[in-house]
*Asks:* 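Mind looking over this structure? Questions follow.
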Amino acid sequence: MITAPSLEQYGFRIGQSGNYATDTHWYEFPSYDPDVLEVWTYTDHISYAPGDEVKFHVYASAGTFSLEIARDGYVTEKVYEVSGLPGTMPVTPDNAYAVGAGWPVAHTWKIPKGQRSGPYVVTSRVENGTGGVREHHHLFIIRPAGGNVNKARLLMLFATSTWIAYNEWGGANFYQGIAGDDQKSFSPKLSIQRPWHRGCVRLPEGAPHASHEREIPPNWAVDIPFFSWAMGNGYSKWYVGGSYAEYDSLLVKWAEKEGYRLDYMTQHDLHFGTVNLDDYQAVVIAGHDEYWSTAMRDAIDAYVDGGGRVARFGGNFFWQIRLEEKGNTQVSYKFLAHEQDPVRDNPEKKHLLTCVWDDRVLGRPGALTMGLNGTRGLYARMGAMVPRHSGGFTVYRPNHWVFAGTDLYYGDVFGADAGIFGFEVDGLSYTFKEGLPYPTGEDGAPVDQIEILAMAPAVTLEEDHGNPLSNVWWLNEDARIVAKALYGDDSPENLRKVRYSSGMVVHYRRGRGEVVNAGSCLWSLGLKRRDAFTERITHNVLRRFSE
């Protein structure tokens with residue numbers, strides 16, 4: 001186990017949270033020691049339009065720091081750099097995770113009018129004159145300019161709400177932290193006015209993924225490879241949960257390499273309507289988009305009803321959030337929503353309760369938007385959750401256009417070598433008729449509009465084989481959350497009902513539009529690892545949806 005001083009040399013503090021089996025809690029926070037090289041940067045917004053001014057808020061322990069901005073696509077394009085900026089160590093609130101870092105503006109950059117839409121990485125750097133260097137990576141999105149001039153046909157939606165949910169910079173996120181009276185709790189309110197955690201924007205090649213990457217021997221001790229890797233290398237352990245580097249960036253680089261022209265937007269743009277979806281043939285989503293607001297869902301629903309298409313290559317459509325304080329604060333009380341969310345007893349606002357989307361109180365299952373439900377999926381190939389699964393999807397409707405040109409047959413498994421199935425997946429209540437899966441509708445899914453094309457097993461509870469660490473993962477708490485949301489309590493009978501589930505690839509027709517949903521967080525690994533089937537299926541969807 002890596003000791004606390006080793007973590008502190010990377011700029012992390014050690015918290016006292018003990019909520020999880022992975023109960024060592026470390027987070028980034030300034031030390032205010034001028035002899036310790038530290039630098040962090042955040043911007044005043046997550047996305048900008050060409051012509052906007054970007055304001056950089058910086059903490060730098062050295063006398064000077066430098067900034068570099070580069071568009072991050074298949075080809076990295078440096079667009080701006082400046083050095084010799086004066087470093088300062090502004091005061092940071094102890095609860096910066098909730099209220100923001102509050103640092104003054106250290107530098108500004110006016111985006112050129114013709115700047116391409118895309119993800120832009122900000123590298124801030126300090127040096128000590130004796131060879132010591134420290135960098136921090138931030139990210140913002142340049143959304144497309146207004147009007148229809150030079151618009152792409154595909155619009156990629158970045159899962160910024162999920163990045164925020166997992167960002168523990170300053171001490172807490174939606175999972176763990178130093179919040180609460182005991183300073184051992186998650187925070188139901190998170191600020192966007194703070195840096196991204198280390199690992200959100202950049203990861204080295206070889207960083208472990210959440211799902212198992214190797215053959216597991218009998219009677220093995222359930223391990224957590226990403227946890228120990230992050231601890232030993234000075235990265236946030238939450239990079240596997242929500243991060244641009246782990247998920248969204250893989251599809252960006254593959255799509256641009258393959259010649260697709262995309263514009264880019266954030267979930268915050270979707271919430272506030274700053275990009276016109278109707279200018280595009282399809283919206284593309286990748287990776288892990290766990291958190292959505294009502295306004296975000298409303299925008300996608302209206303777009304698809306009007307004839308738009310959604311290509312979702314991601315998993316875990318799960319929690320409702322609210323954006324407050326002009327979008328600077330993200331709110332989700334999650335499993336405590338029924339007891340603590342301020343809107344819980346307000347008839348006019350109860351539809352904004354920040355619980356799981358499939359909760360009976362909301363009456364708005366995720367499948368109504370995406371064709372799949374998060375509560376009917378969850379975990380695969382993580383811990384003791386279906387640990388020896390192949391890592392691929394089994395094909396059930398090979399004649400569907402999604403599989404055109406793949407030469408896949410009924411019962412074939414694709415994507416296993418690349419490990420595209422896991423770690424969190426989305427599924428449906430289903431039954432089999434004459435060898436084919438059909439949605440039952442018990443979970444609120446519109447059965448006549450959804451075709452199940454491929455699927456694989458998932459679970460919400462680990463099997464307890466008595467192995468070391470088995471059946472102690474905090475993941476098991478999600479089974480109780482799902483049982484309460486769907487059936488009112490987490491009795492043994494209800495836990496049995498939700499224990500076994502699935503992840504699926506579906507085609508969903510809604511209104512005049514349609515959705516193809518490959519409900520797995522790790523689908524894009526098949527693109528990065530050049531799995532022929534995953535690539536061809538992705539091509540089929542993007543080409544058809546961009547017509």
Side-chain angles (χ1 to χ4, degrees), residues 73-74 152-157 209 211 213 246-262 280-289 308-315 370-372 380-381 389-422 425-427 436-437 450-456 502-509 513-547:
Y74 175 56
R153 300 179 72 81
L154 299 172
L155 179 66
M156 184 163 177
L157 176 66
H209 303 290
S211 293
E213 295 279 346
E246 175 74 350
Y247 299 108
D248 313 66
S249 68
L250 303 187
L251 191 139
V252 170
K253 291 175 170 58
W254 177 86
E256 293 194 356
K257 173 179 63 68
E258 293 297 315
Y260 291 99
R261 185 162 168 265
L262 296 90
Y280 297 89
Q281 297 297 106
V283 171
V284 182
I285 303 168
H288 195 189
D289 59 332
R309 287 98 161 246
V310 172
R312 182 176 182 256
F313 306 105
M370 293 297 181
L372 291 173
R381 299 172 53 246
H389 185 265
S390 71
F393 283 97
T394 300
V395 176
Y396 284 95
R397 287 182 169 85
N399 295 322
H400 193 278
W401 62 261
V402 161
F403 298 122
T406 61
D407 193 39
L408 286 168
Y409 292 76
Y410 175 92
D412 282 355
V413 174
F414 71 91
D417 290 343
I420 69 170
F421 187 74
V425 299
D426 291 344
L436 293 175
I450 297 174
E451 282 187 285
I452 301 171
L453 310 181
M455 58 187 293
S502 64
M504 295 177 174
V505 179
V506 299
H507 183 209
Y508 170 38
R509 293 192 175 277
E514 58 187 319
V515 176
V516 168
N517 190 349
S520 170
C521 288
L522 297 180
W523 179 276
S524 293
L525 276 182
L527 307 179
K528 178 182 178 180
R529 295 171 174 175
R530 304 305 304 267
D531 176 76
F533 299 116
T534 309
E535 286 193 292
R536 181 56 188 263
I537 293 166
T538 308
H539 275 305
N540 287 346
V541 176
L542 295 185
R543 288 168 181 166
R544 185 181 180 102
F545 279 11
S546 59
E547 293 175 350

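In what follows, residues are counted from 1 in the order of the sequence shown.
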*Asks:* Taking it one step at a time, do F403 and V395 satisfy side-chain contact (heavy atoms from CB on, under 4.5 Å)?
*Replies:* CA-CA 9 Å; F403 298 122; V395 176; 4.0 Å; yes
*Asks:* Quick check: do E451 and Y508 have side-chain heavy atoms less than 4.5 Å from each other?
*Replies:*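 They are not in side-chain contact.
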*Asks:* List the atom of G392, the atom of S390, and the distance in Å for their closest heavy-atom pair.
*Replies:* N-OG, 3.2 Å
*Asks:* Do the side chains of P398 and D412 get nearer than 4.5 Å, heavy atoms only?
*Replies:* no
*Asks:* Do the side chain of R309 and the main chain of R544 share a donor and acceptor less than 3.5 angstrom apart?
*Replies:* yes
*Asks:* What I'd like to find out is whether the side chain of V252 reaches to under 4.5 Å of the side chain of M156, using heavy atoms alone.
*Replies:*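 Yes; the side chains approach each other to less than 4.5 Å.
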*Asks:* Classify the side-chain pair H209/Y247 by whether it contains a donor and acceptor separated by less than 3.5 Å.
*Replies:* no
*Asks:* Give, for atom CG of L372 and atom CD1 of I450, the distance between the pair rounded to the nearest 0.5 Å.
*Replies:* 7.0 Å
*Asks:* Please determine whether side-chain contact (heavy atoms from CB on, under 4.5 Å) holds for the pair I285 and V310, giving the CA-CA distance in whole Å, both sets of side-chain angles, and the decisive distance to 0.1 Å.
*Replies:* CA-CA 8 Å; I285 303 168; V310 172; 4.2 Å; yes
*Asks:* State, with a plain yes or no, whether a side-chain heavy atom of V505 is found less than 4.5 Å away from one of M455.
*Replies:* no
*Asks:* Within the 4.5 Å heavy-atom criterion, are Y260 and R153 side-chain neighbours or not?
*Replies:*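 Contact flag for Y260/R153 side chains = no.
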*Asks:* What pair of heavy atoms forms the shortest contact from W254 to H539, and how long is it?
*Replies:* CZ2-NE2, 3.5 Å
*Asks:* Rounded to the nearest 0.5 Å, what separation is found between the OH atom of Y280 and the CG atom of L157?
*Replies:*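 Taking OH in Y280 and CG in L157, the distance rounds to 12.0 Å.
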*Asks:* Nearest 0.5 Å, please: how far is NE2 in H400 from CD1 in I452?
*Replies:*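 One gets 12.0 Å once the value is rounded to the nearest 0.5 Å.
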*Asks:* Classify the ring geometry between H389 and F421 as parallel (under 30°), tilted (30 to 60°) or perpendicular (over 60°).
*Replies:*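 Judged by the thresholds at 30° and 60°, the geometry between H389 and F421 is tilted.
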*Asks:* Determine whether L251 and F313 make a side-chain contact, defined as any pair of heavy atoms from C-beta on separated by less than 4.5 Å.
*Replies:* yes
*Asks:* Are E535 and R543 ion-paired here, with the side-chain N under 4.0 Å from a carboxylate O?
*Replies:* no
*Asks:* So which atom in A255 and which in L262 form the shortest heavy-atom distance, rounded to 0.1 Å?
*Replies:* CB-CD1, 3.7 Å
*Asks:* List in chain and number order the residues that pass salt bridge (charged side-chain N to carboxylate O under 4.0 Å, His left out) with D289, two or more places apart in sequence or in another chain; answer none if no residue qualifies.
*Replies:*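 So D289 forms a salt bridge (charged side-chain N to carboxylate O under 4.0 Å, His left out) with R312.
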*Asks:* Could you give me the CA-CA distance, side-chain angles and deciding distance for Q281 and E547, then say whether side-chain contact (heavy atoms from CB on, under 4.5 Å) is met?
*Replies:* CA-CA 7 Å; Q281 297 297 106; E547 293 175 350; 5.7 Å; no
*Asks:* Can you name the closest pair of heavy atoms from S546 and L154 and give their distance?
*Replies:* CB-CD2, 3.8 Å
*Asks:* Restricting to side-chain contact (heavy atoms from CB on, under 4.5 Å), what partner residues turn up for T534, sequence neighbours left out?
*Replies:*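 In terms of side-chain contact (heavy atoms from CB on, under 4.5 Å), with neighbours along the sequence ignored, T534 is linked to F414, I420, W523, L527, D531, T538.
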*Asks:* In terms of side-chain heavy atoms, does R536 have a donor or acceptor partner in N540 at a distance below 3.5 Å?
*Replies:*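 Judged by distance alone, the side chains do pair up.
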*Asks:* Over all heavy atoms of both residues, which pair between V413 and A416 is shortest? Give the atoms and the distance, please.
*Replies:* CG1-CB, 4.2 Å
*Asks:* Ignoring hydrogens, what is the shortest heavy-atom contact between R397 and P437? Give both atom names and the distance.
*Replies:* NH1-O, 2.9 Å
*Asks:* Does V516 reach the side chain of V506, with side-chain heavy atoms less than 4.5 Å apart?
*Replies:* no
*Asks:* Evaluate the side-chain contact (heavy atoms from CB on, under 4.5 Å) criterion for residues L542 and V284: first the C-alpha distance (whole Å), next the side-chain angles of each, then the deciding distance (0.1 Å), finally the verdict.
*Replies:* CA-CA 8 Å; L542 295 185; V284 182; 3.8 Å; yes
*Asks:* Does OH belonging to Y410 count more than 12 external heavy atoms closer than 6.0 Å?
*Replies:* yes
